[in-house]
Amino acid sequence: MTNVGPPPSAAFLVMAVGRRMRERVERTLKGEVITMRHLSALGHLSRDAGISYSELARRASVTPQSMQATLAKLEECGAVSRTTDSGRGRTARLVVTDEGMRLLALGQDAIGELDEVLARYLDADTLGKLMPGLLRTMLALGGDERR
């Protein structure tokens with residue numbers, strides 16, 4: 001008698017695929033000394049100039065202090081620049097630099113390669129149904145659709 005385990009879990013498969021995809025993108029970014037968190041922050045900043053640290057943190061599901069560290073790293077590597085003086089009670093205005101746009105393009109290329117992998121294994125009809133379903137699921141779990 002063969003040992004039959006529990007039926008496959010869609011949630012587990014989505015998590016496992018997501019983890020492997022994240023690892024692949026982070027391997028691409030490793031030489032650049034940034035992570036997916038940095039890439040995500042760059043993406044939000046490029047679309048929503050002037051977004052607050054708190055809003056960035058909310059979208060990334062991290063504390064504002066953690067987001068401040070993420071943004072400090074991006075400033076340090078020249079990916080963002082501050083256009084206002086920092087100070088207590090002041091909103092820092094950060095803009096994505098040319099270097100930040102280069103890093104963002106690198107990350108987008110890596111993600112595009114993963115889209116190609118998905119397209120090899122899932123037909124267009126399946127992908128067309130999967131995307132809205134995953135988006136609704138992410139929103140139901142408290143995610144942000146602009147990630």
Side-chain angles (χ1 to χ4, degrees), residues 4-84 86 90-147:
V4 177
S9 162
F12 178 82
L13 286 173
V14 168
M15 288 187 300
V17 168
R19 184 184 72 242
R20 288 186 181 171
M21 288 181 159
R22 181 183 197 99
E23 288 167 354
R24 186 177 269 185
V25 171
E26 289 202 340
R27 272 195 306 273
T28 299
L29 299 173
K30 187 176 182 180
E32 303 294 339
V33 195
I34 66 169
T35 65
M36 283 292 295
R37 182 178 294 176
H38 298 106
L39 186 62
S40 176
L42 282 173
H44 288 302
L45 285 169
S46 72
R47 285 187 304 275
D48 298 327
I51 188 172
S52 71
Y53 282 36
S54 297
E55 178 61 15
L56 277 170
R58 187 190 67 74
R59 290 183 187 181
S61 300
V62 299
T63 65
Q65 294 82 1
S66 179
M67 184 53 66
Q68 286 177 334
T70 298
L71 294 171
K73 175 67 176 177
L74 288 171
E75 277 188 274
E76 180 184 307
C77 71
V80 297
S81 67
R82 187 181 303 269
T83 60
T84 56
S86 60
R90 285 197 185 126
T91 300
R93 179 149 170 91
L94 299 171
V95 295
V96 179
T97 64
D98 289 343
E99 173 63 5
M101 294 305 288
R102 183 189 72 78
L103 292 170
L104 191 55
L106 181 69
Q108 289 170 333
D109 287 348
I111 292 167
E113 289 174 14
L114 294 172
D115 281 332
E116 290 173 14
V117 170
L118 284 172
R120 276 196 300 264
Y121 296 101
L122 302 172
D123 62 65
D125 185 52
T126 301
L127 275 174
K129 291 175 182 170
L130 183 64
M131 292 290 293
L134 288 174
L135 181 59
R136 285 191 304 272
T137 302
M138 184 177 67
L139 292 171
L141 294 171
D144 187 291
E145 74 278 9
R146 292 173 284 187
R147 271 190 205 188

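Numbers here simply count residues along the sequence, with the first being 1.
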Taking the side chain as everything from C-beta on, heavy atoms only, tell me whether [X] gets closer than 4.5 Å to [Y].
{"X": "Glu76", "Y": "Val33", "answer": "no"}
{"X": "Met36", "Y": "Ser40", "answer": "no"}
{"X": "Asp48", "Y": "Glu55", "answer": "no"}
{"X": "Leu71", "Y": "Leu45", "answer": "yes"}

TODO: Return yes if some donor-acceptor pair links the side-chain N/O of Thr97 with the main-chain N/O of Gly78 below 3.5 Å, else return no.
DONE: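 Confirmed, Thr97 side chain pairs with Gly78 backbone.
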Sequence-distant partners of [X], side chain to side chain contact (heavy atoms under 4.5 Å, CB included), two or more places apart:
{"X": "Leu29", "value": "Val25, Ile34, Leu39, Leu106"}
{"X": "Leu118", "value": "Met21, Asp115, Leu122, Leu127"}
{"X": "Glu116", "value": "none"}
{"X": "Arg20", "value": "Glu23"}

Test of understanding: with side-chain hydrogen bond (donor to acceptor under 3.5 Å, both in side chains), list the residues that count as partners of [X], not counting sequence neighbours.
{"X": "Gln68", "answer": "none"}
{"X": "Thr35", "answer": "His38"}
{"X": "Thr28", "answer": "none"}

From [atom1] ([X]) to [atom2] ([Y]), nearest 0.5 Å:
{"X": "Arg47", "Y": "Leu104", "atom1": "CZ", "atom2": "CG", "value": "8.0 Å"}
{"X": "Arg59", "Y": "Ser54", "atom1": "CZ", "atom2": "OG", "value": "12.0 Å"}
{"X": "Ser46", "Y": "Leu103", "atom1": "OG", "atom2": "CG", "value": "12.0 Å"}
{"X": "Arg37", "Y": "Lys73", "atom1": "CZ", "atom2": "NZ", "value": "13.5 Å"}
{"X": "Leu130", "Y": "Thr126", "atom1": "CG", "atom2": "OG1", "value": "8.0 Å"}

Task: salt bridge (charged side-chain N to carboxylate O under 4.0 Å, His left out) contacts in which one or both residues fall within residues 119-131, not counting sequence neighbours - done: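 Pairs touching residues 119-131 that pass the test: Asp125-Lys129.
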[X] and [Y]: which non-hydrogen atoms are nearest, and at how many Å?
{"X": "Tyr53", "Y": "Met67", "result": "O-CG, 3.8 Å"}
{"X": "Ala41", "Y": "Leu56", "result": "O-CD2, 4.2 Å"}
{"X": "Gly133", "Y": "Thr137", "result": "O-OG1, 2.8 Å"}

Open item on the list: For residues 101-112, which residue pairs pass the side-chain hydrogen bond (donor to acceptor under 3.5 Å, both in side chains) check, not counting sequence neighbours?
Closed with: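 As it turns out, the side-chain hydrogen bond (donor to acceptor under 3.5 Å, both in side chains) pairs with a partner in residues 101-112, which skip direct neighbours, are Glu32-Arg102, Glu99-Arg102.
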